[in-house]
Amino acid sequence: MFHIMRNRYGFSLTELMIVVAIIGILAVIAIPNFLKYQARAKQSEAKTNLVAIHTSEMAYFAENNAYVDDFNAIGFAVTGSSQLYYYELGSSSSGTLPPGCTASTLDNVSDTGFTAVATANIDGDSTCDVWTIDEKKTLVNVTNDVAL
């Protein structure tokens with residue numbers, strides 16, 4: 001038995017190629033799903049910041065009995081160097097409009113209501129991801145840039 005094991009020092013080329021093929025098949029299956037979930041996770045930036053805009057507008061309304069279209073007046077500011085979304089609220093905007101996206105016409109502000117908009121191009125295609133929130137805290141994904 002010692003004689004048989006002494007001549008075997010490693011893996012054969014066939015065994016290594018089978019392992020490489022299995023890893024390749026797993027990568028082909030896993031990478032597209034990972035990219036899809038990564039893109040969906042990026043949408044959480046819009047949801048979080050739009051809820052923050054809503055909270056700020058509600059606080060402003062409680063004090064002034066009207067909504068306002070000024071991010072500075074409500075105390076909202078986006079921080080961080082990796083923001084993906086462009087935010088609009090009436091005549092006020094925050095961030096940089098992503099390439100391939102256009103400014104929304106969905107945003108509006110009156111004394112009795114508001115709609116804030118977040119726009120981004122998550123995956124670099126021709127579709128832009130657009131989210132809105134209103135005074136009733138209705139969060140809507142108007143255009144979904146994440147293919148399901």
> With the 4.5 Å side-chain cut-off for hydrophobic clustering, are Val109 and Val140 part of the same group?
Replying inline: no

> Taking a hydrophobic cluster as the set of Ile, Leu, Val, Met, Phe, Trp and Tyr residues connected by side-chain heavy atoms closer than 4.5 Å, whether directly or through intermediates, do Val142 and Leu139 fall within one such cluster?
Replying inline: no

> To the nearest 0.5 Å, what is the distance between OG1 (Thr138) and CD1 (Ile133)?
Replying inline: 7.5 Å

> Are Val146 and Asp123 close enough that some pair of their side-chain heavy atoms sits under 4.5 Å apart?
Replying inline: no

>> With a 4.5 Å cut-off on side-chain heavy atoms, are Ile23 and Val20 touching?
In response: no

> What pair of heavy atoms forms the shortest contact from Pro98 to Ala120, and how long is it?
Replying inline: CG-CA, 3.6 Å

> His54 and Lys136: which non-hydrogen atoms are nearest, and at how many Å?
Replying inline: NE2-C, 4.3 Å

> Taking side chain as C-beta onward, heavy atoms only, is Phe114 less than 4.5 Å from Asp69?
Replying inline: no

> From Ser92 OG over to Asp70 CG, what is the distance, rounded to the nearest 0.5 angstrom?
Replying inline: 5.0 Å

> Where do Gly113 and Glu135 come nearest, in terms of heavy atoms and distance?
Replying inline: CA-OE1, 3.5 Å

> Same cluster for Ile122 and Val117 if Ile/Leu/Val/Met/Phe/Trp/Tyr side chains link at under 4.5 Å?
Replying inline: no

> Are Val51 and Phe61 connected in a single hydrophobic cluster, I mean Ile/Leu/Val/Met/Phe/Trp/Tyr linked by side-chain heavy atoms less than 4.5 Å apart?
Replying inline: yes

>> Using only atom types and a distance under 3.5 Å, with no angle test, would you say the side chain of Asn121 pairs donor to acceptor with the backbone of Asp129?
In response: no

> Quick check: does any side chain N or O of Glu45 sit under 3.5 Å from a backbone N or O of Tyr85, one acting as donor and the other as acceptor?
Replying inline: yes

>> Using every non-hydrogen atom in the two residues, find where Thr132 and Thr115 come nearest and quote the distance to one decimal.
In response: CB-CG2, 4.0 Å

>> For a 4.5 angstrom cut-off between non-hydrogen side-chain atoms, does Asn49 reach Gln83?
In response: no

> Just wondering, do Glu57 and Leu89 contact through their side chains at under 4.5 Å, heavy atoms?
Replying inline: yes

> With a 4.5 Å limit on heavy-atom distance, are the side chains of Thr14 and Met17 in contact?
Replying inline: no

>> Is the ring pair Tyr87/Phe76 parallel, tilted or perpendicular, if the boundaries are 30 and 60 degrees?
In response: perpendicular

> Asn144 and Thr127: which non-hydrogen atoms are nearest, and at how many Å?
Replying inline: O-CG2, 4.0 Å

>> If you compare all heavy atoms of Ala46 against all heavy atoms of Trp131, which two are closest, and at what distance to 0.1 Å?
In response: CB-CD1, 3.8 Å

>> Working to the nearest 0.5 angstrom, can you tell me the gap between Ile18 CD1 and Leu16 CG?
In response: 9.5 Å

> What distance separates Thr112 OG1 from Asn65 CG, expressed to the nearest 0.5 Å?
Replying inline: 10.5 Å

> Going from CG on Leu97 to OH on Tyr86, what distance comes out if it is rounded to the nearest 0.5 angstrom?
Replying inline: 5.5 Å

> Do Val78 and Leu50 share a hydrophobic cluster, counting only Ile, Leu, Val, Met, Phe, Trp and Tyr and linking them when any side-chain heavy atoms are less than 4.5 Å apart?
Replying inline: yes

> Could you give the distance from CD (Gln43) to CG (Asp145), rounded to the nearest 0.5 Å?
Replying inline: 8.0 Å

